[in-house]
Q: 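So that we are looking at the same thing, I have put the structure below in structure tokens.
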Amino acid sequence: METPLRRIHRLPSDLAEKIAAGEVIERPSSVIKELVENSIDAGATKVVVEIVDGGKESIRVIDNGSGIFPEDLPLALERHATSKITKLDDLWNLSSMGFRGEALPSVSAISRFTIESRVAGQVGRKLYLEGGILKSDQPLGATSAIASSGTSLTVENLFYNVPARLKFLKAKSGETSQIRDLIERIALSHPGVHFTFSSDGRKSLDLPTCSSEAARVAQVFGTSENDLEHFSTQFEGSQVWGYLDRNARMPNSRSVYLSVNHRMVRDKLLQQAVLLALRPRMMEGEYPKIFVQVLVPPNQVDVNVHPAKSEVRFERSRDVFQLVHGVIERSGRETNLAFYASPDRSYGWKEPSKINHAFSTEKLTPQPVAAAAMPLLAGDPAAARTVFRTKTDIGFDSVPLANSAREQTSPFSRLQYIGQLKNTYLLCQDETGLVLIDQHAADERVQYERLKKELSESGLKSQPLLISATHKCSDEDAALAIDYGDLFARLGLEIESFGTNCILIRTVPEMLSQQHALELFQAMLAELKSLEGASSVSLVNDPTRHSAKLERLIATMACHSAVRAGQALSEREARALMATMDRTDFALNCPHGRPASIQLSYSQVEGLFKR
Ligand code: ADP
Ligand code: MG
């Protein structure tokens, strides 16, 4: 097809304005984001947000900030007019949320727009615009909602002159919940500001000023500060801190709240760091409720890479990743240890409700029993001492921890063993109650941590198969396996291609029996395939990509080498397993996050019998 040669012409300014606005303003929540950020930049301590019909009919944001000088008010509505930066270098030393001078002109171009503002001690001014054209200009009357100083913006009929945009808006409830979520996100980073939000005249959020970050997180999460796990660390001028809701298990990653220099962001890399660090404590398909604040020197982060500034680019992304991952993972280890130190072992752990449903009474809350430390073979005290000085396979330092708690007690080996239930659960008791251990889940965790340690220290030792196993598969699967040949080799499986649709397995890890070679390889290949499929969303340059794969493959191996459910164990074998659990990190859960043991206190047992 022939493309006609066309002349170039300038767009009429109103059209150009609408197009520019479209980059910043996608929906009502983007308007609110811009307006609320302006209020914060103006030093407001109270921000009131009101919407009608999901923001489609009207949006109003009122603050008690500094206000705008009456003679500057028209300037605030001009593109590229800002009070926040004056030169390019300022971009690398930002302390404000805004800097482009685009929000107000953008919003006013695509709505009926009222701005009222007053600086303390001065007469205020009120402007009304339609589609960016000034329609009225008045001094601010005494009836204004603005107190001694502040600004009020009213945005009516958003997109009334951009019908194409209107079509893409969600139903009222969808827009409303998005706005609510946004305000909560902003509030998390600004505890000194009182936020309220009402929709169609009904108050839906009231977040009074908080005296601490923890209090604000608890307020937004709707939980008590006691249920928050705090973590914090610093490294070369950067700082990471945050709070995890210990009890929350969410169905998706939307409750992972990430903030960089007090700006809420969505960042794949940071999110991966958080999820990877929490994997030992979550079940498959469960996600945490967590707030993470990352503070880096402003010159190490580019906030100008996204129209709505909701993405950032780090100069040292790998360091940031490790810092975030490290502090959250460490926090998990410490929680495990604290659990030991607590005599009644009911410390800080409430089970997700799922696990309770065998017992319908509310009062019954089976508690998982603790454990800690890295892998190792039973009864090797020297190894036990080195436990906290290892590096994990992903190369993150695990900081040496005071493990006095573990030295004092060995919660699993000191249990009195009763017997095996259904060849699957180990029944035990101590002075506090009944303890059930899922033998497969527990051993899986033990094997997993052992593999991880071996891998990071010396690589997995392999043994040659007496008779090489052959795996027949599709050409694509064979190619995939060969692509990941090095990864398999690191895990103790040497493979080679044998014709186009056959793989020869020459060695297996030493810990695994020879007959399971093929089964293990097939499970690992299946796991790799599903990971490949899942990560096609551009994790290519993601430093977690490889380590995440390794972790999953190790989990698969652990599953295959662990004691099976249904396998009869002698008392000696059961005790050996319990002893290794004592020396294993995260023995609370299997590598897939399922609980490995639960505890029923005597009072809970008595409750069952209605005593
Ligand atoms: P930016 O925030 O990038 O500077 P905006 O278009 O959002 O650009 O705002 C333009 C200017 O208007 C700001 O720089 C600020 O001086 C002023 N302004 C906007 N909203 C407020 C407010 N709520 N309180 C005080 N000043 C405001
Ligand atoms: Mg702004």
Side-chain angles (χ1 to χ4, degrees), residues 28-51 55 59-68 76 82-84 94-99 103-104 107 115-120 144-155 176-199 203-223 225 228 230 239 241-243 255 257-265 289-295 298 303 308-310:
S29 66
S30 359
V31 174
I32 289 167
K33 175 172 189 288
E34 294 296 335
L35 301 188
V36 171
E37 288 187 349
N38 280 343
S39 299
I40 292 169
D41 283 346
T45 54
K46 173 138 201 207
V47 178
V48 174
V49 181
E50 297 166 353
I51 60 167
I59 294 169
R60 173 174 285 167
V61 175
I62 307 166
D63 69 51
N64 66 353
S66 61
I68 304 171
T82 178
S83 56
K84 297 170 194 173
L94 265 187
S95 57
S96 60
M97 317 278 292
F99 50 81
L104 297 191
V107 177
I115 181 167
E116 303 169 43
S117 195
R118 185 191 342 256
V119 171
S144 163
I146 299 169
S148 61
S149 77
T151 304
S152 159
L153 286 122
T154 311
V155 177
T176 306
S177 66
Q178 193 157 358
I179 292 166
R180 203 190 130 101
D181 179 64
L182 169 86
I183 295 170
E184 288 181 338
R185 282 175 182 272
I186 297 177
L188 281 171
S189 273
H190 297 94
V193 182
H194 180 177
F195 294 92
T196 66
F197 169 53
S198 38
S199 166
K203 194 170 266 187
S204 127
L205 264 184
D206 186 8
L207 304 171
T209 313
C210 292
S211 55
S212 69
E213 316 272 6
R216 176 49 61 89
V217 176
Q219 188 188 52
V220 171
F221 283 8
T223 185
E225 278 184 60
L228 296 177
H230 175 59
Q239 213 183 321
W241 58 262
Y243 295 90
S255 302
Y257 298 94
L258 303 170
S259 171
V260 174
N261 294 354
H262 302 287
R263 186 188 296 280
M264 291 314 293
V265 296
K289 198 171 197 184
I290 187 171
F291 173 69
V292 184
Q293 181 73 263
V294 179
L295 301 171
V303 293
K309 295 174 245 147
S310 55

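For this chain, numbers begin at 1 and follow the sequence in order.
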Q: Please round to the nearest 0.5 Å and tell me the distance separating atom CD of E116 and atom OG1 of T151.
A: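 One finds 9.5 Å between CD of E116 and OG1 of T151.
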
Q: Which atom pair, heavy atoms only, marks the closest approach of I68 to A76?
A: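 Shortest heavy-atom contact: CD1-CB, 4.4 Å.
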
Q: Minimum heavy-atom separation for I146 and S152, please, with both atom names.
A: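 Answer, listing the atom of I146 first, then S152: CD1-N, 3.7 Å.
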
Q: Indicate the atoms forming the closest heavy-atom contact of K46 with V48, along with that distance.
A: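 Between these two residues, the closest heavy atoms are CE-CG2, 3.9 Å.
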
Q: Picking from T196, V36, D63, L205, what satisfies side chain to side chain contact (heavy atoms under 4.5 Å, CB included) with V49?
A: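 Between V49 and the candidates, side chain to side chain contact (heavy atoms under 4.5 Å, CB included) is satisfied uniquely by V36.
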
Q: Mind listing the closest non-hydrogen atom pair of H262 and H190 along with its distance?
A: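 What the structure gives for the nearest pair is O-CE1, 3.3 Å.
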
Q: Would you sort out whether T223 and L228 count as a side-chain contact (heavy atoms from CB on, under 4.5 Å), showing the intermediate values?
A: CA-CA 8 Å; T223 185; L228 296 177; 3.9 Å; yes

Q: Can you tell me how far CD1 of I115 sits from OG1 of T154, rounded to the nearest 0.5 angstrom?
A: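 So the OG1 of T154 and the CD1 of I115 are separated by 9.5 Å.
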
Q: How long is the span from the CD atom in Q178 to the OG atom in S30, to the nearest 0.5 Å?
A: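 One gets 8.0 Å once the value is rounded to the nearest 0.5 Å.
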
Q: Using the salt bridge (Lys or Arg N to Asp or Glu O under 4.0 Å) criterion, which residues pair with R60? Sequence neighbours excluded.
A: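 Salt bridge (Lys or Arg N to Asp or Glu O under 4.0 Å) list for R60, sorted by chain: empty.
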
Q: Under the salt bridge (Lys or Arg N to Asp or Glu O under 4.0 Å) definition, can you give me all pairs with a residue in residues 208-217, not counting sequence neighbours?
A: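 Of all non-adjacent pairs touching residues 208-217, none passes salt bridge (Lys or Arg N to Asp or Glu O under 4.0 Å).
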
Q: If only atom types and distance count, is the side chain of H194 paired as donor or acceptor with the main-chain N or O of V47 below 3.5 Å?
A: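 Absent.
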
Q: Got a second to check how far S259's OG is from Q293's CD, nearest 0.5 Å?
A: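 The OG atom of S259 sits 3.5 Å away from the CD atom of Q293.
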
Q: Mind listing the closest non-hydrogen atom pair of A103 and E34 along with its distance?
A: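 Looking at all heavy atoms of both residues, the closest pair is CB-OE1, 3.4 Å.
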
Q: Would you give the length of the straight line joining atom CD1 of I186 to atom CZ of R263, rounded to the nearest 0.5 angstrom?
A: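 The CD1 atom of I186 sits 10.5 Å away from the CZ atom of R263.
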
Q: Might you point out which heavy atoms bring I179 and P28 nearest each other, and give the distance in Å?
A: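 Minimum heavy-atom contact is CD1-CB, 4.1 Å.
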
Q: List the residues meeting ring-ring contact (aromatic ring centres under 6.0 Å, His included) with F291, not counting sequence neighbours, and say none if there are none.
A: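 F291 satisfies ring-ring contact (aromatic ring centres under 6.0 Å, His included) with W241 once adjacent residues are dropped.
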
Q: Once you round to the nearest 0.5 Å, how far does OH of Y257 lie from CD of E184?
A: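 Going from the OH atom of Y257 to the CD atom of E184 covers 5.5 Å.
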
Q: Indicate yes or no for a side-chain donor-acceptor contact from S204 to the backbone of S199 under 3.5 Å, with no hydrogens or angles considered.
A: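 Checking the backbone N and O of S199 against the side chain of S204, no donor-acceptor pair under 3.5 Å is found.
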
Q: If only atom types and distance count, is the side chain of S39 paired as donor or acceptor with the main-chain N or O of L35 below 3.5 Å?
A: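 Here the side-chain-to-backbone pair exists.
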
Q: Ignoring hydrogens and geometry, is there a side-chain-to-backbone donor-acceptor pair from S149 to G65 under 3.5 Å?
A: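 Side chain of S149 to backbone of G65, a donor-acceptor pair under 3.5 Å: yes, one is there.
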
Q: Taking side chain as C-beta onward, heavy atoms only, is I51 less than 4.5 Å from I32?
A: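 When only atoms from C-beta onward are counted, I32 and I51 do touch, with a gap below 4.5 Å.
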
Q: Okay, side chain of S117, backbone of G150: is any donor-acceptor separation there less than 3.5 Å?
A: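 Yes, S117 side chain to G150 backbone: donor-acceptor pair under 3.5 Å.
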
Q: With distance as the sole test, does D41 use its side chain to make a donor-acceptor pair with the main-chain N or O of G98 at under 3.5 Å?
A: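 Checking the backbone N and O of G98 against the side chain of D41, a donor-acceptor pair under 3.5 Å is found.
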
